[in-house]
Amino acid sequence: MIRVVLPYHLRALAQVGGEVEIAVAGRVTQRSVLDALEARYPMLRGTIRDHVTQQRRPMLRFFACQDDLSHESPDAPLPEAVTLGTEPFWIIGAIAGG
Amino acid sequence: MSGVRVFVGTRKGAFILTSDGKRQRWDISGPHFGGWEIYHMKASPADPNRIYVSQTSGWFGQVIQRSDDGGKTWHQPGTPPGEPTTTPQGWPKGESNKFVYDTSAETGAPLTTHQWYDGTQHPWEFKRVWHIEPSLSDPDTVYAGVEDAALFRTTDGARNWHEIAGLRGHGTGPKWQPGAGGMGLHTILLDKSNPQRIFIAISAAGAFRTDDGGKTWKPINRGLRAEYTPDPTPEVGFCVHDMVTHPARPGVLFMQLHQGGGVFRSDNAGDQWTEVKGNLPTDFGFPIEIHAHEPETIYVVPMNPFLRVPIDGQLKVWRSRTGGHEWEPLTKGLPQENCYVNVLRDAMAADSLDKCGIYFGTTGGQVYASADSGDSWQPIVRDLPAVLSVEAQTLP
């Protein structure tokens with residue numbers, strides 16, 4: 001299972017408490033993880049990636065194993081620790097605003 | 001008539017204020033959807049327990065919320081609480097926050113650009129829902145005015161939205177441009193006597209009307225003046241702030257236009273407008289509201305046109321009982337010194353109790369109520385986040 005940590009407001013939307021665990025078929029990439037996350041929690045569709053362009057929303061970032069993966073290809077494999085479930089895939093909202 | 005709910009959308013969530021017919025004591029619930037901007041929320045006239053909410057965020061985009069029990073519980077349409085969120089095949093049940101512009105050739109609206117601040121053409125980009133207008137007869141049918149300006153409709157309770165593309169594609173779209181707050185479609189007026197007729201208004205494009213259910217549209221801006229543009233009477237390009245009509249006289253419209261214009265009325269469904277600002281202290285303000293039982297009684301909140309705050313720090317609602325021209329300031333219960341808040345375009349509403357109630361919210365977080373048509377006011381709450389919208393629902 002792939003572990004995903006959501007920012008506060010998306011946890012509220014998905015009605016989940018802490019991190020979520022999802023099954024991902026095939027290669028574990030940003031795209032396959034987000035596809036699986038949105039299939040399990042469809043209320044998150046459009047809140048992480050734009051509905052049409054599928055681009056990451058500008059005020060969100062993707063991290064794993066201390067690395068910022070936001071500018072990696074969405075089809076690049078995620079670190080093995082994420083694949084094995086020992087490390088989560090982090091979706092982080094910018095700490096900005098008033 | 002047993003009471004009233006006042007829906008308050010703020011920069012940090014939604015609040016629901018409830019009272020009986022006396023409107024002296026209020027129960028306050030919220031924040032709902034805390035931390036999100038609530039541009040608008042409104043109940044269905046056809047089902048008082050059905051409420052729709054536009055919840056939006058610069059981080060996470062647009063979300064639509066719906067309640068089927070008068071605001072006790074909420075869900076995103078397509079994913080009812082307690083039910084699986086996907087079909088047995090694993091597909092999402094609904095995409096209630098998916099607003100995609102219709103550029104198909106079939107609709108005749110393959111339009112993709114409008115005018116940008118620098119005069120160049122800019123692609124249409126969906127940002128948020130500014131205004132929600134439920135159908136007068138069907139709780140599952142709702143209209144949504146969005147930024148960048150377009151009109152969407154759902155007929156399945158907000159599970160899916162489809163653009164009414166004839167508006168954006170009718171021909172003047174490339175001349176529309178955003179105001180400082182964005183290019184939003186903020187006003188939607190439905191006509192109970194003629195379901196085929198809809199009025200809408202856009203900043204900064206103007207007012208438009210359809211008489212065939214949305215297939216075709218035409219600008220209705222003749223008679224308006226925009227002193228701040230090279231051509232003061234263009235076909236489109238007006239920064240309409242708000243527009244209102246009375247259900248008993250749907251062909252009579254009142255408008256608060258941007259600075260340089262003022263307050264206007266039309267007696268022929270927008271075909272021609274007449275300026276009626278009369279003795280108002282300024283021509284600038286955002287909301288305009290109408291009395292529930294007196295079609296010639298209207299309300300505005302004039303502001304200093306340069307500062308966009310009350311003149312001399314005195315918060316005054318101005319009322320006309322003559323459909324414009326002659327106005328009286330209403331001050332009883334409102335702060336008359338050191339008040340420098342604004343009242344935004346969708347932040348004023350009226351109930352339809354026997355003694356009409358008027359409500360408005362401020363950018364300082366106060367929500368004021370009058371249970372006597374504006375003669376006197378009291379704050380229901382004083383310290384909410386900045387108020388973006390106020391709607392009043394009269395409970396049966």
Side-chain angles (χ1 to χ4, degrees), chain A residues 1-2 4-17 20-26 28 30-63 68 70 89-98, chain B residues 11-13 31-37 53 55-66 73-103 112 123-129 146 158-161 163 385-386:
Chain A
M1 299 293 276
I2 305 299
V4 178
V5 177
L6 296 169
Y8 171 86
H9 289 298
L10 296 189
R11 293 202 300 271
L13 267 190
Q15 300 174 38
V16 297
V20 299
E21 292 191 348
I22 50 173
V24 176
V28 178
Q30 286 183 28
R31 191 189 306 278
S32 65
V33 167
L34 294 174
D35 285 348
L37 179 72
E38 291 174 353
R40 175 66 185 83
Y41 300 100
M43 62 282 283
L44 299 181
R45 297 191 70 173
T47 66
I48 300 168
R49 300 179 291 183
D50 181 88
H51 268 299
V52 177
T53 66
Q54 292 293 292
Q55 294 291 306
R56 170 181 56 85
R57 288 196 166 279
M59 299 288 271
L60 296 185
R61 291 248 172 186
F62 304 141
F63 279 75
D68 182 356
S70 305
F89 178 71
W90 290 77
I91 300 172
I92 295 178
I95 304 171
Chain B
R11 291 236 180 258
K12 296 291 184 181
H32 305 276
F33 328 115
W36 292 66
E37 291 186 302
V53 178
Q55 170 184 352
T56 182
S57 155
W59 287 254
F60 309 115
Q62 179 68 46
V63 171
I64 296 292
Q65 297 279 358
R66 185 179 117 187
T73 61
W74 300 90
H75 65 278
Q76 290 169 258
T79 56
E83 291 188 16
T85 54
T86 54
T87 66
Q89 292 75 34
W91 297 104
K93 284 185 171 177
E95 295 180 287
S96 59
N97 64 343
K98 189 172 183 178
F99 291 83
V100 179
Y101 296 109
D102 182 350
T103 55
T112 56
W124 239 274
E125 297 165 337
F126 173 78
K127 297 182 178 66
R128 59 180 58 83
V129 173
V146 313
R159 290 177 179 84
N160 297 280
W161 295 88
E163 186 190 3

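Small disclaimer: the values here were computed from a predicted structure and weren't measured. In the text below, chain A, chain B and the rest are named by the order of the sequence lines, each starting its count at 1. As a basis for the values below, the full set of heavy atoms in this structure was taken, side chains included, without hydrogen atoms, waters or symmetry mates.
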For B:Asn97 and A:Arg45, the nearest pair of non-hydrogen atoms, with its separation, is ND2-O, 2.7 Å

Of all heavy-atom pairs linking A:His9 and B:Phe60, the shortest is CB-CE1, 3.5 Å

Turns out that what part of A:Ala12 lies under 4.5 Å from chain B's heavy atoms comes down to neither

To the nearest 0.5 Å, atom CD1 of A:Ile95 lies from atom CH2 of B:Trp59 at 11.0 Å

Honestly, the part of A:Leu44 sitting under 4.5 Å from a heavy atom of chain B is neither

When the 4.5 angstrom heavy-atom criterion is applied to A:Ile48 and chain B, the contacting part is neither

CG (A:Leu13) and CZ (B:Phe33) are apart, to the nearest 0.5 Å, by 9.5 Å

Cut-off 4.5 Å, heavy atoms of chain B, and the answer for A:Pro7 is side chain

For B:Glu125, the salt bridge (charged side-chain N to carboxylate O under 4.0 Å, His left out) test, sequence neighbours excluded, returns B:Lys127

By side chain to side chain donor-acceptor pair (under 3.5 Å), A:Arg31 pairs with (sequence neighbours left out) A:Asp75

